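All chains are named by letter (A, B, ...) in the order of the sequence lines, taking the proteins before the strands, and each is independently numbered beginning at 1. Small disclaimer: the values here were computed from a predicted structure and weren't measured.
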There are 2 protein chains.
Amino acid sequence: MDNPRDRVLNTASLLFHQQGYNSTGINQIISEAKVAKASFYQHFKSKDDLCIAFLTSRHAFWFSELRAYTQDSASHKQSILTAFDFIISMNQKEDFRGCSFLNILSELSKKQDAILSVIQSHKNDLRKFLTEILGEGLLAAHIYLLFESAIIESQLFRSNELVLKSKEIVNHII
Amino acid sequence: MDNPRDRVLNTASLLFHQQGYNSTGINQIISEAKVAKASFYQHFKSKDDLCIAFLTSRHAFWFSELRAYTQDSASHKQSILTAFDFIISMNQKEDFRGCSFLNILSELSKKQDAILSVIQSHKNDLRKFLTEILGEGLLAAHIYLLFESAIIESQLFRSNELVLKSKEIVNHII
DNA sequence: CATTAAACAGACAAGTCTGTCTGATTAGTG
DNA sequence: CACTAATCAGACAGACTTGTCTGTTTAATG
């Protein structure tokens, strides 16, 4: 929170999440982070570079929160059900802004394949997270797909309705 | 294809799909559509107005294609399975660009709630489409969630892998 | 206390954006 | 042929974009 790099990263996280990547300018970021432009470009060589730093830190944050949320579960089934509660908790905390990674995915052009790779990695890690709990079969893919749409649909409708429905469905199929 | 309004709409559809909404400027649209700027603003009172016109026409196009694709199916189950083939066919035709509606959703600011409504309507109609085939229960929601993630994940990974997995899953649960 | 590195403010270039406006040209109709 | 409405080209305003650059100030360390 103290040094300029962290201030930029924190501010950018908020703004990218609230306004989207392309709608958030460097000038707004540095002004709200109270950092000089020259300092910004000392730490990040471009806006896309900042984007990758943001996604990397978001990745670490998001997974550590997910693990913290689910680790106390008594069973594998309970872990998975709690993961859906985690979505609800994030929706509440972040006002239904959905998934940072998928939001940025929609804004990418073909030249930004470095960013695409970071997004794909993140989702591959989520698939791994579920596979470690559920094994290699179709079930893990099934849950992954439901988990993804639960996030997106709650963003779309600004509501947890479909997260709760997903959880109910998951409760039947595990 | 002849009149300026249609030329704008067709060009915008392509460009919004390929580059995203915020990354596509009016100037590029009118230049590629070979329409004067004054003519553009005679037909659309703003870029957001064009966006709504685009989504409206996309909605009509997409549903008519989906219905054409699924109507010959022998059973309800077959209709649903064929709907997943429709995703594959669209991915091929449109190079894994995903869902126009969800792509634009990620780019919206709070002030653009008119556009949000159009997107929500579209998805509500998709839910209705599935409910008409499958009835009101959890199953329709279940298929809807798998359908949505099948589209998104194929965009993310530029691959039909998870569409095919979804179809396999659907084949088990119906 | 002097030196060095980092952060500061902010002008600037070169380009983008949306939307308005002027004025010329075309096409269709009475 | 004359009138009307649509379309044309493109300048323009005003604000925005990313990234570079100059020069000043602050903070830490030998």
I need the CD-C1' distance between Q42(A) and dA5(C), as an integer number of Å. 9 Å

How close or far is atom P of dC16(D) from atom CD1 of I26(B), stated in whole angstroms? 18 Å

From CG of N27(A) over to C1' of dG15(C), roughly how many Å is that when rounded to an integer? 14 Å

If the threshold is 4.0 Å, N to carboxylate O, is there a salt bridge linking E161(B) and K165(B)? yes

Before accepting this row, confirm whether a basic side-chain N of the pair K128(B)/E136(B) lies closer than 4.0 Å to the acidic partner's carboxylate O. no

Do E65(B) and K93(B) sit within salt-bridge range, that is, some charged N less than 4.0 Å from a carboxylate O? yes

Under 3.5 Å between N/O atoms: give me all the protein pairs with nucleotides 13-15 of chain D, atom names plus distance.
none

In this structure, how many angstroms lie between the P atom of dC17(C) and the OH atom of Y41(B), rounded? 11 Å

Just wondering, are more than 12 heavy atoms of other shown residues or ligands nearer than 6.0 Å to CD in Q71(A)? yes

Decide, yes or no, whether a salt bridge links E153(A) with K123(B) under the criterion of side-chain N to carboxylate O below 4.0 Å. no

Do the charged groups of K167(A) and D85(A) touch, with an N to O distance under 4.0 Å? yes

Over how many whole Å does the gap from F44(A) atom CZ to dT18(D) atom P extend? 14 Å

Between P of dG19(C) and CD1 of I30(B), the distance in whole Å: 12 Å

Starting at NZ of K47(A) and ending at P of dC16(D), how long is that distance when rounded to a whole Å? 15 Å

When you check the phosphate oxygens OP1 and OP2 of dT7(D), does a side-chain N or O of H43(B) lie under 4.0 Å from one of them? yes

Return the polar atom pairs (N/O with N/O) between nucleotides 8-11 of chain C and the protein under 3.5 Å, or none.
unit_1, atom_1, unit_2, atom_2, d
dC8(C), OP1, R7(A), NH2, 2.8
dC8(C), OP1, K34(A), O, 3.3
dC8(C), OP2, A36(A), N, 3.3
dC8(C), OP2, S39(A), OG, 3.2

Please determine if E94(B) and R58(B) form a salt bridge, counting it only when a charged side-chain N lies under 4.0 Å from a carboxylate O. yes

Answer with yes or no whether the hydrophobic clustering places L66(B) together with Y144(B); edges join I, L, V, M, F, W, Y residues whose side-chain heavy atoms lie under 4.5 Å apart. yes

Specify the residues of residues 14-25 of chain A, ordered by number, for which at least one heavy atom lies under 4.0 angstrom from an atom of DNA chain C. none

From CG of N3(A) across to P of dA5(C) the rounded distance in Å is 19 Å

